[in-house]
Amino acid sequence: MAEGHRLWGHLPLLVQSSSKESVEYILQALWRTRKTGLDAADRAIIRDMLHLPSDSDLDPLLVCLRMLIRRCVYENISKDEIQKLFPPEVLPELQRLLTLLLQKFQREWREDVLKDQVSLPRLKAMTCNVVNQNQDSVEHVAVMNLKLQGDTRSSSGETQVKFQLARDTLETMLKSMYFIRDQMSSGDATSNGPGQEQGAAETALT
């Protein structure tokens with residue numbers, strides 16, 4: 001709790017900015033670099049905006065602002081509830097300014113989060129060929145060719161995957177797939193939960 005109070009105590013540094021647009025720039029820069037962190041150029045710009053001499057003065061403020069942004073975007077907080085994120089010790093004028101800006105960007109940032117989410121690819125096509133493992137061997141292997149379609153509608157969203165399976169591995173995989181098929185057909189997959197399905201699928205890969 002004490003650490004949280006210390007972080008909030010750095011918010012008044014924003015008062016040193018020259019305008020509302022400067023604070024808006026800082027918030028947008030933090031969101032834009034949410035995966036990579038601010039680079040040296042961004043840090044220099046923000047330090048100059050706030051008239052801060054070093055990164056050690058800037059970092060606690062950035063941590064506090066990132067925490068605010070994260071709660072505003074990732075938690076189930078409505079626009080009207082954003083102001084409730086601030087404790088009473090935060091200056092009222094800062095509360096109003098940050099609330100207005102967070103309300104302004106909340107929807108856009110949540111849409112960015114949805115775009116960032118990775119979806120599993122779909123199986124578009126599959127072919128299987130039986131070949132000799134090598135020229136000197138009579139042992140056969142199954143060569144699987146999969147065409148996977150990502151969540152994009154362009155042809156570049158397709159991925160080709162090629163691998164080979166020995167007979168015993170192929171038999172184990174097929175047994176697992178039959179097991180999953182029977183569960184889906186009987187409705188047991190829903191009642192038994194995802195754990196058993198995952199176990200069957202993992203068996204096929206061992």
Side-chain angles (χ1 to χ4, degrees), residues 1-122 148-159 161 193-195 198 202:
M1 183 68 70
E3 181 64 26
H5 284 302
R6 285 197 293 271
L7 281 177
W8 291 115
H10 294 279
L11 281 181
L13 291 174
L14 292 173
V15 178
Q16 300 173 198
S17 63
S18 57
S19 64
K20 171 187 172 183
E21 287 71 25
S22 297
V23 179
E24 183 172 325
Y25 174 90
I26 294 171
L27 293 178
Q28 287 185 297
L30 288 173
W31 180 252
R32 173 172 48 82
T33 61
R34 61 192 180 278
K35 297 179 181 179
T36 60
L38 292 170
D39 59 22
D42 281 323
R43 284 179 168 273
I45 292 172
I46 295 174
R47 283 200 312 270
D48 184 61
M49 286 178 171
L50 301 178
H51 310 289
L52 297 175
S54 67
D55 281 343
S56 61
D57 298 301
L58 178 63
D59 285 339
L61 171 63
L62 299 181
V63 170
C64 185
L65 291 175
R66 285 195 186 277
M67 178 183 67
L68 266 176
I69 291 172
R70 186 166 56 248
R71 294 193 62 186
C72 176
V73 175
Y74 292 96
E75 296 183 13
N76 188 25
I77 295 174
S78 69
K79 292 178 67 173
D80 296 333
E81 294 175 326
I82 291 177
Q83 191 162 3
K84 298 178 182 178
L85 296 174
F86 300 96
E89 60 264 27
V90 177
L91 297 172
E93 57 267 31
L94 270 180
Q95 290 191 38
R96 286 192 294 269
L97 174 59
L98 289 171
T99 297
L100 286 173
L101 292 175
L102 291 171
Q103 287 175 336
K104 177 180 179 179
F105 294 115
Q106 186 185 45
R107 181 176 177 178
E108 175 186 336
W109 290 347
R110 284 181 171 174
E111 289 175 354
D112 289 342
V113 171
L114 292 177
K115 293 175 185 176
D116 289 343
Q117 291 178 348
V118 178
S119 61
L120 294 175
R122 298 180 296 277
L148 305 177
Q149 177 68 50
D151 205 23
T152 175
R153 298 189 182 277
S154 66
S155 58
S156 61
E158 292 183 359
T159 302
V161 178
Q198 182 180 0
E202 288 174 348

Practice task
Could you walk me through whether R70 and M67 pass side-chain contact (heavy atoms from CB on, under 4.5 Å), step by step?
Solution key: CA-CA 5 Å; R70 186 166 56 248; M67 178 183 67; 4.0 Å; yes

Exercise for the section: Step by step, work out the side-chain contact (heavy atoms from CB on, under 4.5 Å) result for D112 and V73. Expected result: CA-CA 10 Å; D112 289 342; V73 175; over 6 Å; no

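- Looking at L27, L65, L91, L97 one by one, the single match for side chain to side chain contact (heavy atoms under 4.5 Å, CB included) with L14 turns out to be L65.
- Looking only at side-chain heavy atoms (C-beta outward), Q16 and L52 come within less than 4.5 Å of each other.
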Handout entry: Steps toward side-chain contact (heavy atoms from CB on, under 4.5 Å) verdict (F86, R96)
Key = CA-CA 10 Å; F86 300 96; R96 286 192 294 269; over 6 Å; no

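- Atoms CG and OG1, from L62 and T33 in turn, are 8.5 Å apart once rounded to the nearest 0.5 Å.
- Looking at Q106, its side chain does come within 3.5 Å of a backbone N or O of I77 through a donor-acceptor pair.
- Crowding of R32 atom CZ: a count of heavy atoms from other residues, nucleotides or ligands under 6.0 Å exceeding 12.
- Taking the ring-ring contact (aromatic ring centres under 6.0 Å, His included) definition, one finds that W109 meets it with W31, F105, sequence neighbours left out.
- For the pair K35/D116, a side-chain contact is recorded, criterion being any heavy-atom separation below 4.5 Å from C-beta on.
- Atom CD of E24 is separated from atom OG of S17 by 11.5 Å, given to the nearest 0.5 angstrom.
- Residues satisfying the salt bridge (Lys or Arg N to Asp or Glu O under 4.0 Å) criterion with E21, sequence neighbours excluded, are absent altogether.
- Residue I45 holds its CD1 atom at 12.0 Å from CG of L50, rounded to the nearest 0.5 Å.
- Sorted by first then second residue, the salt bridge (charged side-chain N to carboxylate O under 4.0 Å, His left out) pairs that include residues 51-69, not counting sequence neighbours, are R43-D55, R43-D59, R47-D55.
- For the pair E111 and K115, the salt-bridge criterion is not met [side-chain N within less than 4.0 Å of a carboxylate O].
- Here the straight-line distance linking atom CD of Q28 with atom NZ of K104 works out to 7.0 Å at 0.5 Å rounding.
- The distance from the CH2 atom of W8 to the CD atom of E89 is 8.5 Å, given to the nearest 0.5 Å.
- From R110, atom CZ reaches atom SG of C72 across 6.5 Å, with rounding to the nearest 0.5 Å.
- Closest approach of S56 and P60 over heavy atoms only: O-CD, 3.3 Å.
- Q95 places a side-chain N or O within 3.5 Å of a backbone atom of V90 that can act as its donor or acceptor partner.
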